[in-house]
Amino acid sequence: ETGVTQSPTHLIKTRGQQVTLRCSSQSGHNTVSWYQQALGQGPQFIFQYYREEENGRGNFPPRFSGLQFPNYSSELNVNALELDDSALYLCASRRGNNEQFFGPGTRLTVL
Amino acid sequence: AQSVTQLGSHVSVSEGALVLLRCNYSSSVPPYLFWYVQYPNQGLQLLLKYTTGATLVKGINGFEAEFKKSETSFHLTKPSAHMSDAAEYFCAVSGNAGGTSYGKLTFGQGTILTVHP
């Protein structure tokens with residue numbers, strides 16, 4: 001059984017650009033969540049997808065959007081990047097009400 | 001609404017000493033509570049969780065935590081620290097299974113544990 005994988009591992013963008021981060025869920029997992037972890041902080045919930053539909057959102061603006069695909073892989077898109085978007089972005093997946101497993105994260109730096 | 005407060009951003013212990021990391025939570029619904037560990041440049045690994053039933057929960061690597069509803073606490077302990085325990089630890093809360101907030105974790109700020117030889 002493969003774990004949760006994320007790509008890329010590191011990314012550097014400039015302010016105003018757009019970025020897409022990718023997550024491949026663990027096999028059989030139908031729910032994926034994304035979290036933002038700023039340096040020195042705990043992760044913050046961005047949103048969750050279940051069966052390709054957004055199923056809950058944290059306190060993040062609309063320029064943070066996502067997609068979940070039929071194979072349960074997913075994307076996090078961020079438009080109009082700001083300096084404060086620099087963070088580690090974590091993806092987590094689970095099946096039903098079972099434990100969720102986290103990927104290693106993508107480190108985004110916005111200059 | 002849910003929130004988590006971890007008391008102490010840094011905790012330092014000697015190898016072999018007791019580890020105690022404090023976590024208090026607030027939740028408007030019966031909570032599920034979690035402790036995660038994060039090693040440098042890695043994702044989060046679940047140490048243990050409380051859902052229902054027994055309030056003393058045992059996890060991996062010798063860690064355990066006790067859910068105390070009256071104190072709204074879920075402190076993490078380990079009787080004897082190892083060098084390999086040095087990492088950052090996060091307490092988290094979510095709503096219970098079947099509720100709308102299930103799986104949407106609210107994390108504390110984290111506690112960095114340092115273990116001295």
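Bear in mind the structure is a predicted one, so any value in this text is a computation, not a measurement. The sequence lines fix the lettering, A, B, ..., with proteins before strands; numbering per chain opens at 1.
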Take atom [atom1] of [X] as the centre, draw a 6.0 Å sphere, and report whether it contains more than 12 heavy atoms from other residues, nucleotides or ligands.
X	atom1	value
A:Arg15	CZ	no
A:Leu39	CG	no
A:Asn59	CG	no

Item to check | Under 4.5 Å from a heavy atom of chain B, the part of A:Gln44 involved | outcome: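 Nothing of A:Gln44, per the 4.5 Å heavy-atom cut-off to chain B.
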With clusters defined by side-chain heavy atoms of hydrophobic residues (ILVMFWY) lying less than 4.5 Å apart, directly or transitively, does [Y] cluster with [X]?
X	Y	value
B:Val13	B:Tyr89	yes
B:Val37	B:Val115	yes
B:Val57	B:Leu21	yes
A:Leu11	A:Val4	no

Checklist entry - Heavy-atom distance under 4.5 Å to chain A: side chain of B:Phe34, backbone, both or neither? => result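 For B:Phe34, no heavy atom lies under 4.5 Å from chain A.
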Item to check | Region of B:Gln38 in contact with chain A, defined by heavy-atom distances below 4.5 Å | outcome: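 Looking at B:Gln38, just its side chain touches chain A.
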Next on the checklist: Donor-acceptor pair, distance only, cut-off 3.5 Å: does the side chain of B:Lys104 make one with the backbone of A:Asn55?
Outcome noted: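 Yes: the side chain of B:Lys104 pairs with the backbone of A:Asn55.
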Item to check | Closest non-hydrogen atom pair, A:Phe102 against B:Leu44 | outcome: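 Nearest heavy atoms, A:Phe102 then B:Leu44: CB-O, 3.5 Å.
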Next on the checklist: Go through it in stages, so that I can follow the logic: the residues are A:Tyr35 and B:Phe107, the test is ring-ring contact (aromatic ring centres under 6.0 Å, His included), and I'd like the CA-CA distance, side-chain angles, deciding distance and then a yes or no.
Outcome noted: CA-CA 10 Å; A:Tyr35 292 81; B:Phe107 286 87; 5.7 Å; yes
Checklist entry - Taking every heavy-atom pair that is under 4.5 Å apart, which of B:Gly43, B:Gly110, B:Gly108 has the most such pairs with chain A? => result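 Ranked by heavy-atom pairs under 4.5 Å with chain A, first place is B:Gly43.
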Taking atom [atom1] of [X] and atom [atom2] of [Y], what is their separation to the nearest 0.5 Å?
X	Y	atom1	atom2	answer
A:Gln41	B:Gln109	CD	CD	4.0 Å
A:Phe101	B:Gln45	CZ	CD	10.0 Å
B:Phe90	A:Gln37	CZ	CD	4.5 Å

